[in-house]
Each structure stands twice: as structure tokens, then as C-alpha cells.
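Beneath this line is the structure, given in C-alpha cells, with notes to follow.
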Amino acid sequence: MFISQTKFLSTVALAAVAATTLNSCKPKGASAAVVGNAAEKVYVAPGKYDEFYDFVSGGFNGQLSVYGIPSGRLLRIIPVFSTHPESGWGYSEETKPMLNTSHGEVPWDDLHHIALSTTNGEHDGRWVFANGNNTPRIARVSMRTFRTEEIIEIPNSAGNHSSPFITENTEYTIAGTRFSIPVQNNLDAPINTYKQNYKGTVSFIKVDSSSGRMNIAFQVLTPGIDFDLSRGGKGPSHDWFFFSCYNSEKANTLLEVNASAKDKDFIMALNWKKAEQYAREGRGKMVPAEYAHNVYDDTKHQATSTIEKQVLLLDPKDCPDMIYFIPCPKSPHGTDVDPTGQYLVSSGKLAALIPVFSFAKVQQAIANKTFDGTFEGFPVLKYESVLHGEVQKPGLGPLHTEFDNDGNAYTSMFVSSEIVKWRIKDVKVLDRVPTYYFIGHLSVMGGPTRKPYGKYMVAYNKITKDRYLPTGPELAQSAQLYDISGDKMKLILDFPTVGEPHYAEAIPASKISQNSVKIFKIENNAHPYAAKGEGQTKVERKGNQVHVWMTAIRSHLTPDNIEGVKAGDDVYFHVTNLEQDWDVPHGFAIKNANNAEILIMPGETQTLKFKAEKSGIYPFYCTDFCSALHQEMQGYLRVSPAGSNVALLYSTGKNLPAVTDPTTDSIGKGSTSGATSSR
Ligand code: K7E
Ligand code: CUA
């Protein structure tokens, strides 16, 4: 996210902000900040592999991208909430349902955060979860196929920002609404009735431990505030989830809000174990809701989209001792839990310090009822009573905090463009290093897990300025890699990213590379239109639909000549890639299709729909340079005028007799007998 300048200018830190902003835009010796042996540290020799896969959110490109660390090499772009012509994601008939929502197809989203699945708080190498910010959705991506397998829409939500963070064993992935909205009734309540009618929700999406399948287990209704970010507890705080809330100025005009200016914003602590129990006890209510649940099947090679009709809503009024508010200095953004699960770091963007809360003290305060009033009926814990300490003078504009395995924290400072390393034990600042420029998220290898790997840290910056060759008004996005193995953080590499990166998480390559799927077994292909050999290829007409069972293998498409399609027909090319070798995709594209290509992996079937609108000849070809004779991998579709009598014919390697329509063609009179035969 990008913080508006005006908000900062209104703070007391005006002068300091202006000075630091200027400084960080025109740094002295920005390139000299690189240490001598940096090249050695990031050099991954040809033929060698990177140590980590880094899964990086693409922000407004709606995708995920995967980089190798430490090289910074881009390995893959994974389409999630956006169409991707390169692979046909969102263009093939099989993947279109993945982008379905209760509002129809939504082919774009704003992907900010990812969460790698964990078991006992450690990466288990199974799934990547990602949030769609704009049309609330959560996706699950497989680390075996590097593909999106499932997308679930989140009802009663608007601006799905504090998502998709997970509980320690990936029991749940969590989604908190950014905008509060009217929930359930009076859906177009006047905006000036915000205080009375607008509510927030946080959703708990159960993740099946073996299949990964997601289902919204329950939603919790909350006061009408804005949730920004969240994190699950670990170890001692396992049962809890923490949400930062901002912009509670509106809520602050409510009488019950504590009057202290310092307590204007909150961290909401929610005991999800209790919520789970209340849901089980039937304290929630099934309420009508419409949301899409889209699942991709790797055997049928296609997605289905189901519109769900109801969701279980928990009203905290019926669920005592489940939610507490922790006061937090101005406009908290990130809220992060340290590897031990004992400390909670919450960064107020406009605060001149970083509060660190002690989970043990939170528990004590709850037990002793050390409250400081209430917020909309919920107890507010007394700030001092839950505080472990405050990091003094960390820098300006703290956003996000990550951790290493040695008790240190690293906080990104947006306004002063730096990362500050500090010690959790005594909240003492140990080191600081500049970032170029305006860092948002940062990522320490394994930073959100119980056992961070440390070693490297990546800064994801908002502004690139002079880091790369200029490329017109828009510049490449900038990530920066730091060596954090010593006491001092050292900048060792700049690398550009695609889209606008927000959060990213890296995992050792050894945890997933051996599980990578190489091919889909052709014998397991259960696609209803699969042709598992050239003998199964055919063309059939069903009304104005023409279905083509086509195969691709080096280096021909079968069939390659198709006639008898008429203007007004919808032609479905179901292309099966018969290869059973790693890294031999075939592509398929046809002239004038209002569509993209499809890219078909070995053993897979994918379908391109072509609307035959005008009569003519439409060449098609393989788009992936698959062999020396790839360029020869081509064919023709003949589209005749609507109402003509040209029969369906198809062939490969054989010239069929000329077939013309006697009613529309006066030159030749070809035979139409043996119409749907071939070869
Ligand atoms: Cu700080 Cu959307 Cu996580 Cu961006 S958010 S930076
Ligand atoms: Cu198949 Cu090119």
C-alpha cells in the first residue's frame, strides 16, 4: 500500500519526514552501499540452482511470481486472479470457471499477501495462499504444479486486505475485511449511517489437511472498523489470531471509545479456538450469502465453479471472551508474531515508536480484567499492562516486521526508507540499512515461521527512481536482497519484479523441488473430451457447436484439415498433448480467435473456443517451439457460409476429395458422402 503524503504532512514529524524523504530520494552513494564480495554471494553459476524459491505477490497484476534467491532470477509467473494469455489461464474453457464470482467473471484482482502452508509453524511445502483484495477472494496454489487449484470468494467482505494469513498448522486461512459495509440487511444503508449500519467481518476458511480444499467454516461479525493486516499465533499463542485495525477515527466518535488519544487504533485479538467451539455449539446463525467456490481438478483437467448460498455467521454478542482489543499507537499497519509466539509487534505508521506486546501479559490482563474501558462492548486491554517494550526512535513510518532465529526483528520503515534491525529481548536497535526507495513489505527467509532460516532478507520497495535503466514513465519494480548472516545487514543485489510486490515468502528449494510435477499421466486423464491417442480424434457437431477432439505430438496436430464448419458455429478445440516427457508443452492458436492461445502440458487436455463468425479459411498452429519441425505443426479450418451444406470432414496426412456445397457453390460438385469420416 502507498501512504498518502498529506497524511504524513499532518503529523508532528513533518520536518523530519520532509528531510528524510528528500534524502532517500537522492541518496549519497546508493551504489557504494554494496559490499565488495556481493557478486560472489548472489552468483548462481550456470547449471546451478538457487537455494530458495521466493513467492512474491504481484499486487495489481493479480498474479504471483516465483524468483530464485539469492540470484533474483524470475522462474515463473503464476496466474491467480488475472487472465494470463501466455498459458491461456482464464481463456481456456477449463480455466474460465476459476475467475467466476457471484458477480460473474472477474478477470483481475489486486494480490497483496501470500502465506505458505505450515505444519507446527514450519513450512511444509504444500500450498501457497493468496488474497484478492478487490473482489474478496482467497486462492490456493499448489507447490507441486505451481498452479492455482482453488479460489473461494469471501461474502460479507469488501477489500480483502488482512488476508490470507494462516494458523500454525494451516487449520484455517483467515480473511479480514478492509472496508466495513452493511452486512445481511439494509444493504444500501446510507453512508452517513456508517456508525449504526456498517460492520466488519473476519472469515475463517477451513483448509482440509490432506486435499487442501477450502470451505468457509464461519465468519465473525465485528465492529465497523477497517482491518489492515493479521497474523496467527504460534506456540503459546497458537489459539489466537491478531488483526490490526486502522482508521478507527470514525469509530472513535462513539461514546464508549476510550478517550485517550493514544488508544485510537487497535489490535484485535481473537481466540479462534473459542470461535471454533462456539460454531460447533451452534451459537452461530446460517445466513444467506452468495459466493463462488472454484476448484480445479488435475485429473479432469478442468475447473468447476459452484455458487454457495449460505454462510455461518457468529455474532460475538453470543460468544463471550472471544475478542479483546489492544490499544496501538496511530494507524497500525503490520502486526507480526515472533517465532516463539510470545511477542506481537505492531507497527503504527504514524507512530514514532514500535510497541511490542507480550502474549503472556495479554493473557494475564484478560485473567485479571486489567481493562481500559470498552470498544463497542469489547474489553480494551490496558496498554501498559500488555506492553513488553517500545522500540524507541526506530525510524519513520514502520510498516512490517520479520524475524530471524536469533531473537532479532527487522522492521521496514516506509517514510525513512530503511530497514531497522532490533533485538526483541530488550527492544534495542542494533543496526539500520537504507532501502531504495520507500520500502513496503520485507521478507526474511522463513521469517513468519517458528524456525526462520535467516541468511537473506528481501526489501520490496514502492519507488524505483534511479535504480534501473529508465523505461518511460513507468519503471521496473524494485526488490533488494540483503545478507543478514552477520551483525550488520549488507545490501548485495537489486532485482526487478513484475507487478507491484507486497508480501513475499521464501522456502528452501529442497522442501519442494523434488515434488514438482513433471507430466500428467495420459492414462489418468479423465477430461470428457480427451483424445488419448490419434485414433480417438474426431469432429462432431451438436447443433451449432462443433467439437474437435484433437491431439498434439511432435510435430503434428491431428486432425489438421477441418471442413464443414459454418458461420455462426462455436468450435471447441479440445487439444490433448500426447507427450509424456518433461517440459514438452504444445500450444494452440487459431487466426481471429477472440481469445488467447492455450498451452497444453504433457498428458493434459485444454479447450479453446472459437466463434466462427465469417466464412473463410482459418489457419491454426502450435505456439510453443517444440521441435525442429514446430513451424510445420499447423492446419486449416474451413468455415463455410451459414446455411451451406458442406459436411463435416477432417483428416491428417491425406487429401480428401474437394467437398463443396451444391446450394452455394456453382463451380464444383464434390461428394458429401462419408461426411464425418477421416483418414
Ligand atoms: Cu503493507 Cu497491502 Cu501488506 Cu503493501 S500492504 S506494503
Ligand atoms: Cu508443438 Cu510447436
Side-chain angles (χ1 to χ4, degrees), residues 84-89 91-94 301 522 527 529-541 545-567 569-581 583-640 646-660 670 676-679:
H84 193 47
E86 180 182 325
S87 62
W89 178 261
Y91 294 94
S92 70
E93 295 307 298
E94 288 78 1
H301 298 293
I522 189 83
H527 191 293
Y529 289 92
K532 298 191 189 181
E534 290 180 6
Q536 295 179 16
T537 59
K538 59 184 172 176
V539 181
E540 278 179 11
R541 173 180 288 283
Q545 292 187 352
V546 176
H547 291 270
V548 181
W549 281 252
M550 184 179 273
T551 58
I553 194 161
R554 284 164 289 180
S555 298
H556 55 278
L557 295 160
T558 306
D560 65 2
N561 285 332
I562 302 168
E563 307 196 25
V565 168
K566 292 163 204 168
D569 284 346
D570 285 333
V571 186
Y572 294 84
F573 291 95
H574 308 285
V575 186
T576 302
N577 180 346
L578 296 177
E579 307 281 354
Q580 292 286 275
D581 267 350
D583 201 20
V584 193
H586 291 288
F588 180 86
I590 181 163
K591 186 186 175 213
N592 297 132
N594 306 117
N595 212 327
E597 64 160 359
I598 48 175
L599 195 64
I600 314 113
M601 299 304 129
E604 187 182 42
T605 305
Q606 291 286 289
T607 303
L608 189 85
K609 180 180 174 184
F610 172 70
K611 284 183 102 57
E613 273 164 345
K614 297 179 192 162
S615 65
I617 296 298
Y618 295 87
F620 53 79
Y621 67 100
C622 169
T623 51
D624 189 295
F625 205 110
C626 51
S627 69
L629 296 175
H630 148 81
Q631 199 71 353
E632 282 76 2
M633 204 165 169
Q634 64 181 49
Y636 290 105
L637 171 74
R638 176 186 171 203
V639 177
S640 298
V646 177
L648 275 186
L649 281 174
Y650 57 97
S651 68
T652 301
K654 167 169 163 190
N655 269 320
L656 295 171
V659 178
T660 50
T676 53
S677 71
S678 77
R679 288 181 297 279

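- Of the inter-residue distances, the one linking K611 atom NZ with N595 atom CG reads 11.0 Å to the nearest 0.5 angstrom.
- Contact check for K609 versus D570: side-chain heavy atoms found under the 4.5 Å cut-off.
- Listed for the S87 side chain is no donor-acceptor partner under 3.5 Å among the backbone atoms of L599.
- Under 3.5 Å, the side chains of S92 and Q606 contain a donor-acceptor pair of N or O atoms.
- Here the closest heavy-atom approach between residue A567 and residue V639 is recorded as N-CG1, 3.5 Å.
- Rounding to the nearest 0.5 Å gives a distance of 12.0 Å between CG of L557 and CD of E632.
- Side-chain contact check for V546 versus V539: some heavy-atom pair is nearer than 4.5 Å.
- Contact of the V548 side chain with the V571 side chain is registered, since non-hydrogen atoms from C-beta on lie closer than 4.5 Å.
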**Asked** So H547 and Q545, side-chain hydrogen bond (donor to acceptor under 3.5 Å, both in side chains) or not? Walk me through it.
**Response** CA-CA 6 Å; H547 291 270; Q545 292 187 352; 3.0 Å; yes

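- In terms of modelled atom types and a separation under 3.5 Å, the side chain of E604 and the main chain of I600 share no donor-acceptor contact.
- Residues Y91 and P85 are in side-chain contact: their nearest non-hydrogen atoms beyond the backbone lie under 4.5 Å apart.
- Counting heavy atoms from C-beta on, the side chains of Y650 and K538 come closer than 4.5 Å.
- Ring geometry for Y529 against H574 counts as parallel: the plane angle stays under 30°, on a 0 to 90° scale with 60° as the upper cut.
- Looking at E534 and H556, their side chains do bring a donor and an acceptor atom within 3.5 Å of each other.
- Checking S627 against S555 by side-chain atom types alone, a donor-acceptor pair falls below 3.5 Å.
- Residues forming a side chain to side chain contact (heavy atoms under 4.5 Å, CB included) with E579 (at least two apart in sequence, or on another chain): I553, R554, N577, V584, H586, P602.
- Listed here is the closest heavy atom pair of K591 and F610: O-CE1, 3.4 Å.
- Contact between V646 and S640 at its shortest, heavy atoms only, is CG2-OG, 3.6 Å.
- For the pair I598/T607, no side-chain contact is recorded, criterion being any heavy-atom separation below 4.5 Å from C-beta on.
- With respect to the salt-bridge test (charged N to carboxylate O, under 4.0 angstrom), the residues D569 and R541 qualify.
- Ring-centre distance between Y636 and Y618: not below the 6.0 Å cut-off.
- Every residue two or more places apart in sequence or in another chain was checked for a side chain to side chain contact (heavy atoms under 4.5 Å, CB included) with Q631, and none qualifies.
- In this structure, SG on C622 lies 5.5 Å from NE2 on H630, to the nearest 0.5 angstrom.
- In this structure, F620 has its ring center under 6.0 Å from that of F573.
- Inter-residue side-chain proximity for M550 and D560 is flagged as unmet; no heavy-atom pair is nearer than 4.5 Å.
- Note that OG1 of T537 and CH2 of W549 are 11.0 Å apart. Values are rounded to the nearest 0.5 Å.
- In this structure, OH on Y621 lies 8.0 Å from CD on E597, to the nearest 0.5 angstrom.
- Between the CG atom of N592 and the CD1 atom of I590 there is a distance of 8.5 Å, given to the nearest 0.5 Å.
- Side chains of T551 and V575 form no contact here, defined as non-hydrogen atoms less than 4.5 Å apart.
- The two residues Q580 and I522 have their closest heavy-atom pair at OE1-N, 3.1 Å.
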